[in-house]
Structure formats: structure tokens, C-alpha cells
Amino acid sequence: MTFLPLSPPGQTPLRVMTIAGSDSGGGAGIQADMRTFALLGIHGLVAVTAVTVQNSLGVKGFHEIPVDVIAGQITEVATDIGVQAAKTGMLASSEIIDTVAETWRSLDTGAPLVVDPVCASMHGDPLLHPSALNSLKDKLFPIATLVTPNLDEVRLLTGIEVVDDDSQRAAARELHALGPQWALVKGGHMRSSAHSPDLLFDGTDFHEFDSPRIDTGHDHGAGDTLAAATASALAHGYPVPDAVAFGKRWVTECLRAAYPLGHGHGPVSALFRLG
Ligand code: PXL
């Protein structure tokens, strides 16, 4: 596949910020995001929202970072280092969501914001208090360039059970009506399909992105990786449909390269990029 342009050695690369949780197993969260950024030639910036205690078998617990520390991380790096795009992942609580939304809004960077509305781990362990769903919808979605829910998140956010093309379109319309410029309904969790059809909607046009379903038991961090790669392409100025197409190709390759880890589920792997 073709990658993103690289800056020459010694020249400051583009910067993309991840506002997300730490995964002690190194497969998802900020660890997946930073790996993606590095292997795409992006300088990653970090605002840690929560520290999870987890391994390949599941999330045992998490500790939320105080909101003033989260706001501080975002503000200090954005005002000094500058940021060409950002993405959110695990935000844990409505207090954190409100802080992230307010901080990002007031910084007024003009940089695109990708909101991956992480609700639970692949094992079903909660990563967001259920009461925070409304904050996601009311505070963060309206300032998002792009939201990227999977089908479980779509059900929680809209009540729509996506089973086919029609319900996927209905979900995209409902999500877009919540205020983001673009809504991507990822089809990867439509396990009965031989494909992984993603649908992007900007309120007028639908764009479809298809890829073969990669048959791997190791897909931990796939959503984070797609959002991080898409944000990286947005930082380069790609139009949203092109950035999503790039993110989808990248995560498909990462799924092909996924590996077993520990006694449970392994992560997708960006290490294929190293040749
Ligand atoms: O893949 C979603 C995700 C995001 N962020 C953190 C996670 C997970 C899944 O486990 O642990 C920190």
C-alpha cells in the first residue's frame, strides 16, 4: 500500500494528538495510537485520560486522570507544539468528556477532530460509564469532524441494530444528526458478512468502503488504529473520504499482521510497516 508522505530527517513532522486511555497490554489505546503515528511518520502528542489495568484476557480496572491534568496536557502541547489533527479514544466519564470538549473547543486550533466513541473493550469490559453517553452525544459529537463508532457503539448511541445496508444508512443519518461533520458506521462487527463494509455520511452523500473480512482472533486495538491512521491522513490535509479510505487500508494491513499475545486476544500490528 502507499503510505503517507514522510518529512526528511531533521525536519519537524506533522503532529497528531491522541486523547485516550493507556492499555497496559500495549495493544490498544494510546499505545496503539502512538505506534500508528510513529510508523506513519507523525509526531504523536498525548493527553492521557485514564490508566487501564489489563492484559490479553480483559480489563481488570481503570483509574481516571483528574480533569485539570487532562485539560492541562491538551492545552500545553497544543499551544506550544501545535497540532494538525487530534483523535479521542477512551474518555471514561462524562466529566472527562465535558473537559475534553470544552478544552478542545476553546483552543480553536481549526485542526480536525476524530471522535472514536469507545464504550467497551472487545471483551465487553466497560471503558465508559453508561451515564456518559449523553455527554458524548451532546458535547463531543457537535465539535467532531468525524465520528467512528463500531456497531456495538452505534446501538448504544442510536438504539439502531445494524444488520444490513438499510439499517447502516439509517444509523449513519442518526449519528450525523447529532452534529459531527461526518459519521462513519464501521461494519467490522457484522460478523456474518464476508466483508467489512464501512459507511461514511456527511449529511448529503454516502461513501462506501469495503474490505475483505480478515479472519483473525487478534483484533485488539483495531478501532483505535483506524481512527489514528485516519487522523494522520487528515493532518496531511486529505479530504475526509480519502483519509477514511487510507485509515481503512492501514487497519486492514494491521489486521493481516495481527499476532497472538498472552492467553487471550492479541493486537492488530502496525509492525508490518517495518518490512
Ligand atoms: O480498543 C478500544 C480501547 C481503547 N482504549 C483503551 C482500551 C481499549 C480496549 O480495550 O483498553 C485504553
Side-chain angles (χ1 to χ4, degrees), residues 16-37 44-65 69-70 73 86-93 96-97 100 113-130 132-133 136 140 144 146-157 184-189 191 196 198 214 216-231 247-248 250-252 254-255 257-270:
V16 179
M17 184 188 297
T18 172
I19 305 170
S22 164
D23 170 2
S24 50
I30 57 176
Q31 287 78 9
D33 295 341
M34 291 300 274
R35 204 158 39 237
T36 300
F37 297 152
L45 303 168
V46 182
V48 188
T49 55
V51 176
T52 69
V53 178
Q54 67 174 296
N55 57 23
S56 70
L57 296 168
V59 180
K60 320 288 173 180
F62 62 80
H63 169 74
E64 294 170 25
I65 302 299
V69 178
I70 297 172
Q73 294 174 84
K87 64 145 294 210
T88 66
M90 174 187 183
L91 296 174
S93 73
I96 293 179
I97 293 169
V100 168
L113 176 67
V114 177
V115 172
D116 184 19
V118 172
C119 294
S121 78
M122 63 181 303
H123 302 92
D125 303 314
L127 297 172
L128 180 78
H129 297 295
L133 275 173
L136 261 186
L140 209 48
L146 170 69
V147 297
T148 63
N150 63 35
L151 296 187
D152 299 315
E153 291 153 358
V154 166
R155 188 176 346 96
L156 289 170
L157 290 161
L184 180 71
V185 177
K186 297 182 293 189
H189 288 200
R191 305 242 179 246
S196 173
D198 294 354
I214 310 297
T216 172
H218 307 301
D219 57 1
H220 183 49
D224 317 55
T225 299
L226 171 82
T230 302
K248 176 97 168 149
W250 173 261
V251 76
T252 302
C254 292
L255 280 158
Y259 49 80
L261 193 71
H263 299 87
H265 290 283
V268 301
S269 174

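Just so you know, ligand 1 is whichever comes first in the structure, and atom 1 is the first atom listed for that ligand. Quick caveat, the model's predicted, so the values are computed rather than measured.
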Using a strict 4.0 Å cut-off to heavy atoms of Gly21, name the atoms of ligand 1 that fall inside it. 12 (C)
Keeping the roles fixed (side chain from Ser269, backbone from Cys254), state whether a donor-acceptor pair exists under 3.5 Å. no
Can you tell me which residue and heavy atom of the protein come closest to atom 1 (O) of ligand 1, and the distance to 0.1 Å? Asp224 OD1, 2.6 Å
Pairs under 3.5 angstrom only: tabulate donor-acceptor contacts from the side chains of residues 118-127 to other protein residues two or more places apart or in another chain.
unit_1	atom_1	unit_2	atom_2	d
Ser121	OG	His123	N	3.1
Ser121	OG	Asp125	N	3.2
Ser121	OG	Asp125	OD2	3.4
His123	NE2	Ser56	O	3.1
Asp125	OD2	Val59	N	2.8

Can you tell me which residue and heavy atom of the protein come closest to atom 5 (N) of ligand 1, and the distance to 0.1 Å? Gly29 CA, 3.5 Å
What part of Ser22, side chain from CB on, backbone N/CA/C/O, both or neither, has a heavy atom under 4.0 Å from ligand 1? backbone
Tell me, do Asn55 and Leu261 make a side-chain contact under 4.5 Å, heavy atoms counted? no
Between His123 and ligand 1, find which residue part has any heavy-atom pair under 4.0 Å and reply side chain, backbone, both or neither. neither
What I want to know is whether Gln54 and ligand 1 share at least one N or O pair that is separated by under 3.5 angstrom. yes
With a 4.5 Å cut-off on side-chain heavy atoms, are Leu255 and Val268 touching? yes
Between Lys186 and Asp116 (salt bridge meaning N to carboxylate O under 4.0 Å), is one present in this structure? yes
Side chain, backbone, both or neither: which applies to Leu127 and ligand 1 if a contact is any heavy-atom pair less than 4.0 Å apart? side chain
Rounded distance (nearest 0.5 Å) linking atom CE of Met90 with atom OG of Ser22: 9.5 Å
Near Ser121, which atoms of ligand 1 are under 4.0 Å from a heavy atom of that residue? 9 (C), 10 (O)
